[in-house]
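Heads up, the thing below is written out as structure tokens.
Chain letters run A, B, ... following the sequence lines, proteins first, then strands; residues in each count from 1.
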Amino acid sequence: MKQQVLQLVYDVLRKLQYPVPGAIKCEYPKVSTHGDISTNVAMLLAKELKQPPRKIAESLVQSLKENAEDVRDIQIAGPGFINFFLKDEFFIRHLKTILNAGEQFGKIDAHTGIKANVEFVSANPTGPLTVGHGRNAVLGDTIANLLEWSGCDKVDREYYFNNAGRQMRVLGDSVRLRYLQLIGENVDFPEDYYQGDYIKEIAASLSETYGESLREENAEGIFKERAEEAIFADIKKTCDRLGIKFDYFYNEKSLYDDGYVEELIGIFRNKGLAYEKDGAIWLKTSEMGLEQDRVIVKSTGEPTYRLPDIAYHREKFKRGYDLIIDILGADHHATYPDVLAGVKALGLDEAKMKLVIYQFVTIVSEGQPVKMSTRKANYITLDELMDEAGPDVVRYFFLMRSPQSHLNFDLDLAKKETEENPVYYLQYAHARIASILRFAISSSVEFGWRYSEGDEQNAECIDLLTGKAEIELAKRLEQFPEIVEFCVNSYEPHHMGSYLTDVAMLFHKFYHAHRVITEDRGLSLARLSLCLATKTVLANGLRTIGIGAPERM
RNA sequence: GCGCCCGUAGCUCAAUCGGAUAGAGCAACGGCCUUCUAAGCCGUAGGUUACUGGUUCGAUUCCAGUCGGGCGUACCA
């Protein structure tokens, strides 16, 4: 509706031959006495027209009124806001639109024709996913969901990993040493090796299968392979529990095997953007707007991470994506400018790339922050979290806050409980509606009429909804598609959570104010329409953030 | 030192990219179940938006500075 009002404003401005200011805003006022939708046009025009805003507003209102449907009144208030009061019937009749759209309600076309790639998690297979990865995983998956809801032709979820490198060598050697210990060798286990129990488990399974025959094997062979295999299986299982399925697992190694890294060095050289110094190859990032040049190949001949990173993003462009999103933790923030500069230097359109940075997660247990380190095995895994709280709660916790805000994850709260948990508030509203519908089917006969699913679609009596709680709820439901759009455009899914909480709250209020099933068939059907529309919005909204909508609780 | 993020109720966080009287959840206090789910509802209390200045009709939001916290600042990823 916001869009329609905005359009109306533009039309009237043109008609009256007023200048059209750049950033006209329409918004939902916080207070109901300020109407349903409010615009700041008059204030924006004040300077240009050299007239007081309220006077300009007055000159607009008449014309606005003549051209507006569904509008009950237009008022001028405060410093010069123009406030639109919409007819209640508009919102009530809109319930039918929601019911007709059903599972599709909230799908928008903001990204029609776009092929998107969302890269997230991307943890190397050195250990189980921890709470830190959880925020990344949930954020990435939810943004992908929202892109699908906003009309993308295709959204690929991608996991980028590296199974070469030093980290992985240490991992293999950690398994090897644990294995040797198991078969009775007296070896030291270095402190900076991977300390987690999962290493011992992998070693144990190796000793079970191969006995002592691997005594002379080196770390890079079967030890590393088995570790990678086992850990990746574990990671995928964890993601699966969270409801996350990747379309691609992209191995950094393939960039070398396919010659893309080598090719990229050649391109930079040909463009005169790379040079040798001190035995290393440098990229002239200083000429690309960055502070200093960066090494892309070390003097040892080994590339630094940024070279394959650039090659990787180049591949994403080649694969035809129009939107390339990276979900990165704040600790990786510094790596992005290099990639961006590299991509730009290649003549690719860096505007297609979007970065979503999220701040760190602090686990709080018994009031104390828990320090975590994968290597030291001092961490809480995502799986443990889900064991205690369930996937829905875990997802919700990670999505409650804006990405740029530090997230305090209260372990005791997440573990402990059910009723203190905000996510149950939403789910409860959904389950409650489901229960009412069951009741309607089974018991309406006792009230002198019969309800079966779909009857509410024909409720001509929908205009019987006139209570304050009913109107308020219907108004909020109408905004759902705009919330989807807002979330996807800002890459901030936490707004969906607050919106749904608000819908749930308005529903609970309605529930306490009005009885749904009564002897009055018309009124009952009308209220069932409202219930069903609410259920639709809750279910669809929960689907966008990947949380279940239970039929009973 | 420099760069990015943050500082809002006792606690954890919002605030529709500059709007009107800054809002939720938890915690505290007082009410509401013989009627469709009390995992709920109603009410009370809680604030100089870290601080100082600036920009304008208007600032939690933008700019400068100060204080405090987090993360970076590699020929680690």
Open item on the list: Looking at the base of B/rA14, is there any donor atom on it, or on the side chain of A/Asp502, that sits under 3.5 Å from an acceptor on the other one?
Closed with: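 A donor-acceptor contact between them is absent.
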
Open item on the list: Pairs counted only when both distances fall under 3.5 Å, Watson-Crick or G-U: show me the 5' to 3' dot-bracket for RNA chain B, [ ] for pseudoknotted crossings and | for other-strand partners.
Closed with: (((((((..((((.....[...)))).(((((.......))))).....(((((..]....))))))))))))....

If I take atom [atom1] in residue [X] and atom [atom2] in nucleotide [N], what distance separates them, rounded to the nearest angstrom?
X        : N      : atom1 : atom2 : value
A/His494 : B/rG23 : NE2   : P     : 17 Å
A/Leu506 : B/rC41 : CG    : P     : 11 Å
A/Ile24  : B/rU16 : CD1   : P     : 20 Å
A/Arg515 : B/rU34 : CZ    : C1'   : 13 Å
A/Leu426 : B/rG40 : CG    : P     : 11 Å
A/Met505 : B/rG23 : CE    : C1'   : 10 Å
A/Glu291 : B/rC4  : CD    : P     : 10 Å

Less than 4.0 angstrom between a side-chain N/O of [X] and OP1 or OP2 of [N], yes or no?
X        : N      : result
A/Thr501 : B/rG25 : no
A/Lys509 : B/rC42 : yes
A/Tyr511 : B/rA38 : yes
A/Lys30  : B/rG19 : no

Task: A/Phe161 and A/Phe232 aromatic centres sub-6.0 Å - done: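 For A/Phe161 and A/Phe232, the ring centres are under 6.0 Å apart.
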
Applying a 4.0 Å non-hydrogen cut-off, can you work out what [X] is touching in the nucleic acid: base, sugar-phosphate, or nothing?
X        : value
A/His430 : nothing
A/His34  : base
A/Ala77  : base
A/Asn83  : base

Task: salt bridge (charged side-chain N to carboxylate O under 4.0 Å, His left out) assessment of A/Arg527 paired with A/Glu470 - done: CA-CA 8 Å; A/Arg527 288 189 175 147; A/Glu470 294 165 328; 2.7 Å; yes

Can you confirm whether the side chains of [X] and [Y] place a donor and an acceptor under 3.5 Å from each other?
X        : Y        : value
A/Ser444 : A/Arg521 : no
A/His313 : A/Asp326 : yes
A/Ser59  : A/Tyr18  : yes
A/Tyr499 : A/Glu482 : no
A/Tyr28  : A/Asp36  : no
A/Tyr451 : A/Glu456 : yes

Open item on the list: Does A/Gln3, at its CD atom, have more than 12 non-hydrogen atoms belonging to other residues, nucleotides or ligands within less than 6.0 Å?
Closed with: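 No, not enclosed.
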
TODO: Count the heavy atoms belonging to other residues, nucleotides or ligands that lie under 6.0 Å from CZ of A/Arg438, then report whether that count exceeds 12.
DONE: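 It does: A/Arg438 CZ has more than 12 such atoms within range.
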
TODO: For each nucleotide in nucleotides 67-77 of chain B, reading 5' to 3', give B when a protein heavy atom comes within less than 4.0 Å of its base, S when such contact involves only the sugar-phosphate, and - otherwise.
DONE: --BBSS-SBSB

- [ ] State the syn/anti category of B/rC17 according to its glycosidic angle, syn meaning within 90° of 0.
- [x]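 Nucleotide B/rC17 adopts anti.
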
Task: Full working for side-chain hydrogen bond (donor to acceptor under 3.5 Å, both in side chains) between A/Tyr275 and A/Asp293 - done: CA-CA 10 Å; A/Tyr275 61 93; A/Asp293 291 349; 2.6 Å; yes

Open item on the list: What residues from residues 472-487 of chain A pass a heavy-atom cutoff of under 4.0 Å to RNA chain B?
Closed with: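 Heavy-atom cutoff 4.0 Å gives A/Phe486.
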
TODO: Please figure out whether A/Arg432 or A/Gly78 has its closest RNA chain B nucleotide nearer the 5' end.
DONE: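 By nearest-heavy-atom nucleotide position, the 5'-most residue is A/Gly78.
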
